[in-house]
Amino acid sequence: MIKAVKGFKDILPDETPYWQFLEEKARKLLKSFGFREIRIPVLEKLELFDRGIGSTTDIVEKEMYTFKDKGGNLVAMRPEATASIARAYIENALHLKDPLGKYYFIGPMFRYERPQAGRLRQFNQINVEVFGTKSSSLDAEVMALLHNIADEVGISDGVTLEVNHIGCKKCRPIYRQILINYLNQNREALCEDCRKRLERNPLRALDCKRQNCRRVALSAPKLTDHLCDECRSYFEEVIEYLQIYQVPHVINPLIVRGLDYYTGVVFELTTTELGAQSAVAAGGRYDYLVEELGGPSVPGIGFAIGEERAVAMLKNRKKLTPPAPLFFFAVLGDAAKKKCIPIVLELRKRGVYTEMEHENRSLKSQMRKANRLKARYAVMVGEDELEKGRAVVRDMEKKEQFDIELSSEAFLKLAEEEVR
RNA sequence: GUGGGCGUAGCUCAAUUGGUUAGAGCACUGGACUGUGGCUCCAGGGGUUGGGGGUUCAAGUCCCCUCGCCCACCCCA
């Protein structure tokens, strides 16, 4: 048997209603917040992620699906969307055309990791990005959007929005040095990985999950205490605006992003419902990304929602089922079938979900199928009905039956009554 | 990449210290006065017990290898 590739999963029809629900709610809110959909390719030049995400990040170092195409170009399947969207923004000179710069994208990402609960090699994200504006109220608004999506989907009771500020080009290097000095003093207590991080990306030692490292991290100099005046007041404003936007949140000075392009405000939507994975969504400001990718000096902010994770939470609290037909046409014989097809077709054209039996099975088995599909009405048409030009309609819920004219008009009328 | 756990029917699971033709529930198909679902009853289809090798008179059960899945580390969405 040929099976799917490790870490790649089918999303079966029983599950897609949850995905549709999530995406519909998200799209609705995104639209009302003024975001427009953008669609980016799966494949990009490797260089984009190297420069965008950072060549020393875990994602780029060991998690990318990278290969040489037949033309000899080094390409990679996107491990995240922001770098691609920034590339599209630059390539299409959207900074000159689009006064808002608000985009969203829904699609799969690829990272070569060991799969486990809440973690796959192909996973889906809802990505939200704003280019061109740096403003504390906008930052709060973006988080408000995230909070509203969680709320609308019905999972906000299980999540916490954690916020932090990781400094700018000026103050981060200063803090970085202070942190390096502190970590060096506590070098003995750190795990091997964190000692490596010390050299390459000391901030990430702060969110190491090992006991000892956590202890060191907790008493480490706090980034928020070392922000420059500009960053500090900006962060204070963001927190103030979060209150005005009525977004529940906590400040967590240990939040760090794993991607190099983040600067300033960063945030995570976390939960305890997903095994070892805690982030349902995460994001932050990336004010130098566009410029670093060769574009104009344009700031940005965005976040990504992990759809699998959001869906898992949704499933924990809501039962969604596939749509059930309003009519199931149980036909006895070819003459009946031929008579019903135009009616079924007309109903479907009018948007009424209608099923019809195609195998010439017994009425009993057709009724069983109607029941299994949870059809509201079973419509029985056999020789008698053909003669009279009327169909027997059984209301499967009320267990009552009656007969109506065998015409699309009669069924449409019944369908309309059902809507009311 | 490193650990740990688990692989028996479509699904959830049984199968005494190794011991007859590997069972059950659910699901599926058909039937219970021939044109009526759900409940009940009856019957039926469906498994080279993940794969390979070994030990044994005898292996789902023990040993080895291999593959797969899950969980955790790590990392993150």
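First the proteins, then the strands, lettered A, B, ... as listed; each starts at 1. Heavy-atom basis, side chains included; hydrogens, waters and symmetry copies ignored.
When the side chain to side chain donor-acceptor pair (under 3.5 Å) test is applied to A:Thr57, no partner is found at least two apart in sequence or on another chain. In this structure A:Asn184 satisfies the side chain to side chain donor-acceptor pair (under 3.5 Å) test together with A:Arg187, sequence neighbours excluded. Every residue meeting the side-chain contact (heavy atoms from CB on, under 4.5 Å) condition with A:Ile174, not counting sequence neighbours, appears here in chain and number order: A:Ile178. Every residue meeting the salt bridge (Lys or Arg N to Asp or Glu O under 4.0 Å) condition with A:Glu113, not counting sequence neighbours, appears here in chain and number order: A:Arg119. With sequence neighbours excluded, no residue satisfies salt bridge (Lys or Arg N to Asp or Glu O under 4.0 Å) with A:Arg121. The ring-ring contact (aromatic ring centres under 6.0 Å, His included) search around A:Tyr261 returns A:Tyr286, not counting sequence neighbours.
Atom P of nucleotide B:C76 and atom OH of A:Tyr112 are separated by 19 Å, given to the nearest angstrom.
Residue pairs satisfying the salt bridge (charged side-chain N to carboxylate O under 4.0 Å, His left out) criterion with at least one member in residues 265-276 of chain A, sequence neighbours excluded, are listed as follows: A:Arg257-A:Glu268, A:Glu273-A:Arg317.
In RNA chain B, runs of at least 3 consecutive Watson-Crick or G-U pairs, each pair with both distances below 3.5 Å, span B:1-7 with B:67-73, B:10-13 with B:23-26, B:28-32 with B:40-44, B:50-54 with B:62-66.
Ring-plane geometry between A:Phe110 and A:Tyr65 is classed as perpendicular, the angle between the planes exceeding 60 degrees on a 0 to 90 degree scale with a lower cut at 30.
At a threshold of 4.0 angstrom between heavy atoms, the contacts of A:Ala370 with the nucleic acid are absent. Base contact: A:Arg111 has a heavy atom under 4.0 Å from a base atom.
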Please list, pair by pair, any protein nitrogen or oxygen found under 3.5 Å from a nitrogen or oxygen in nucleotides 68-72 of chain B.
unit_1, atom_1, unit_2, atom_2, d
B:G68, O2', A:Lys3, NZ, 3.3
B:C69, OP2, A:Lys6, NZ, 3.2
B:C70, OP1, A:Lys9, NZ, 2.7
B:C71, OP2, A:Ala117, N, 2.9
B:A72, OP1, A:Ala276, N, 2.9
B:A72, OP2, A:Gln116, NE2, 3.2
B:A72, OP2, A:Ala117, N, 3.4
B:A72, N7, A:Gln116, OE1, 3.4

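For RNA chain B, no neighbouring residue in residues 14-48 of chain A is found when judged by any heavy atom under 4.0 Å.
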Quick one: side chains of residues 318-343 of chain A, donor-acceptor pairs under 3.5 Å with protein atoms, not counting sequence neighbours, listed by atom name and distance.
unit_1, atom_1, unit_2, atom_2, d
A:Lys337, NZ, A:His358, O, 2.9

Item checked: Base-contact (B) and sugar-phosphate-only (S) positions in nucleotides 31-38 of chain B, heavy-atom cut-off under 4.0 Å, - elsewhere -> S---BBBB
